[in-house]
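Written below as structure tokens is the structure these notes are about.
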2 protein chains.
Amino acid sequence: MTIKISRGRGRPRRFDPEQAVATAQRLFHAQGYDAVSVADVTDALGINPPSLYAAFGNKAGLYARVLNRYNSTNAIPLRDLLRPDRPVAECLASVLEEAARHYAADPVTSGCMVLEGTRSNDADARDAACALQAAAESMIRNYVASRHPEEAERVTDFVATIMAGLSTKARNGQDLDRLLAIADIASMALAEALGD
Amino acid sequence: MTIKISRGRGRPRRFDPEQAVATAQRLFHAQGYDAVSVADVTDALGINPPSLYAAFGNKAGLYARVLNRYNSTNAIPLRDLLRPDRPVAECLASVLEEAARHYAADPVTSGCMVLEGTRSNDADARDAACALQAAAESMIRNYVASRHPEEAERVTDFVATIMAGLSTKARNGQDLDRLLAIADIASMALAEALGD
DNA sequence: ATATTTTTATAGTCATTACTACAAAAGTCC
DNA sequence: GGACTTTTGTAGTAATGACTATAAAAATAT
């Protein structure tokens, strides 16, 4: 029995767009933007292509919605982790640890959906993912700069590199313990670079 | 005027397979396996599809030849860098530095072709790239294990993570100086983890 | 010269892609 | 109940993907 959502007059939708975005998110995260066809999504939702295009415009439009959802529900909570009352190196270490945990949490949706999305061959999808990644990197850089302006660039580059590497390793099937060990070694370097 | 290579009797080839592999390597390295179509390759070579299929079997067959060529001419010379007469941390640092230099050497073919190839959506291409990557990682692990058996796994994981991250950053357009700075910070962690 | 061999160019096949025209269906509003 | 609105299902389109059947071309062997 399908739940019908009313949008005023007219024939009611047979699907909930929010749920559709959630389903699409699983597919895009699991397989990547390029590897997921519109047919994959419509099949998973049990709807026909026109319904999806009416709701989201096109494949990239759906992906944009998915990225927003990911960013507000599955992303690493940088705002909470980057604390002004704790050592910078310690907070960055917690970001890396949290990254390892997120990326290995579910083996079918391993890695970071945004970081993986920046490698798409579709320009629209790639740009959308790159924008989110740039925003996250800016946030880290600003945080480091507020306390260690000289080191902000290189430390941020290093953290971003580790996160990209962790996402890759997670998609390669590396288990949580090994990802955490990698994050630990990286955190030693951060402590040394920022003074502990 | 085209150079014709004789292969015994029969109509001569209009193209040199070695040169074809070199041209295909540029394309695959620049755009990735999935984004390069067979038509892209045949257009670049000025030949027709049947000629390419006669010489290489299929797209994945051509890619296998390209990977071999890359591995024997463009790869990081691990065998020379991993020296038994130098501190392990120092040698691994030189591997990371060399990686940074290789990945940023040419902006149109940035990053590591093997590491990027492991992300292909084509199973054959991905498996071929993964095999080479696994071999390189084994070489590093064996080297570390010969001197620091307890640390071999985590240190190798860390080095592999940094290399994957550096390749990503290089493809993102990061310049050589910043890649080298990242490699430097990572090397500090290696020195600490392995005892300097 | 003629037969044989190998590669070529032409012109396709077939599957899959993102996306859509159109009319029937299924509601709401008066 | 009838006009109106919105979504649905059917059945496409056009482009592009990897790959190939076929016969002519261009060489060598005898």
Side-chain angles (χ1 to χ4, degrees), chain A residues 1-21 24 27-28 31-66 117 120-128, chain B residues 1-21 24 27-28 31-66 117 120-128:
Chain A
M1 182 181 173
T2 58
I3 296 157
K4 309 197 175 184
I5 279 84
S6 171
R7 292 219 318 159
R9 63 183 155 215
R11 181 175 179 172
R13 281 220 166 88
R14 262 197 48 237
F15 70 102
D16 175 7
E18 298 297 322
Q19 218 161 18
V21 171
L27 290 175
F28 282 134
Q31 309 173 32
Y33 182 83
D34 296 337
V36 175
S37 70
V38 172
D40 290 335
V41 179
T42 54
D43 287 355
L45 293 171
I47 64 176
N48 297 100
S51 299
L52 187 139
Y53 282 97
F56 303 108
N58 55 25
K59 188 185 174 187
L62 171 61
Y63 187 61
R65 293 277 296 267
V66 165
S120 167
N121 288 314
D122 181 274
D124 290 337
R126 194 175 53 237
D127 290 351
Chain B
M1 185 178 174
T2 57
I3 296 157
K4 310 197 172 183
I5 280 82
S6 173
R7 294 218 319 160
R9 63 182 155 215
R11 182 175 178 170
R13 280 221 167 91
R14 264 198 46 237
F15 70 102
D16 175 6
E18 298 296 322
Q19 218 161 18
V21 171
L27 290 175
F28 283 133
Q31 310 173 34
Y33 182 82
D34 296 337
V36 175
S37 70
V38 172
D40 289 337
V41 179
T42 54
D43 287 355
L45 293 171
I47 64 175
N48 298 103
S51 299
L52 188 139
Y53 283 95
F56 303 109
N58 55 23
K59 187 186 174 186
L62 170 60
Y63 187 61
R65 291 277 297 268
V66 165
S120 168
N121 289 314
D122 181 273
D124 291 336
R126 194 174 53 238
D127 291 349

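Lettering of chains follows the sequences in order, A, B, ..., and the numbering in each one begins at 1. Quick caveat: nothing in here was measured; it's all calculated off a predicted structure.
Residues A/Ala39 and A/Arg11 each lie close to DNA chain C; by heavy-atom proximity, the contact nearer the 5' end of the strand is made by A/Ala39. Nearest-nucleotide positions on DNA chain D place B/Ser37 closer to the 5' end than the other of B/Gly10 and B/Ser37.
The CZ atom of A/Phe15 sits 10.5 Å away from atom OG1 of A/Thr42, with the distance rounded to the nearest 0.5 Å.
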Applying side-chain contact (heavy atoms from CB on, under 4.5 Å) to A/Tyr63 and A/Asp124, what does each step give before you reach the verdict?
CA-CA 9 Å; A/Tyr63 187 61; A/Asp124 290 337; over 6 Å; no

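As a whole-Å value, the separation of A/Asp43 CG from C/dA18 C1' is 14 Å. One interatomic measurement links the two molecules: CD of B/Gln31 to P of D/dG17, which rounds to 11 Å at whole-angstrom precision. Rounded to whole Å, atom P of D/dT7 lies 16 Å from atom CG of A/Leu45. Taking atom CZ on A/Arg9 and atom C1' on C/dA25, their separation rounds to 18 Å, with Å as the unit. Rounding to whole angstrom units, CG of residue A/Asp34 and C1' of C/dT16 are separated by 15 Å. Spacing between atom CZ of A/Arg13 and atom C1' of C/dG27 amounts to 14 Å, rounded to whole angstrom units.
The side-chain tip of B/Lys59 does not point at the ring of B/Phe28 from less than 6.0 angstrom away and within 45° of straight on.
Among the heavy atoms of the strands, none lies under 4.0 Å from A/Val41.
Put simply, the side chain of B/Arg65 never gets that close to the backbone of B/Ala20: no donor and acceptor are under 3.5 Å apart.
Residues from residues 47-64 of chain A placing a heavy atom under 4.0 Å of any atom in DNA chain C, listed by number, are A/Pro49, A/Pro50, A/Tyr53, A/Asn58, A/Lys59.
Between B/Arg14 and C/dA9 there is a side-chain polar atom (N or O) within less than 4.0 angstrom of OP1 or OP2.
By the side chain to side chain donor-acceptor pair (under 3.5 Å) test, A/Ser120 is found to be paired with A/Asp34, residues two or more places apart in sequence or in another chain being considered.
Side-chain polar atoms of A/Asp40 and A/Ser37 form a donor-acceptor pair below 3.5 angstrom.
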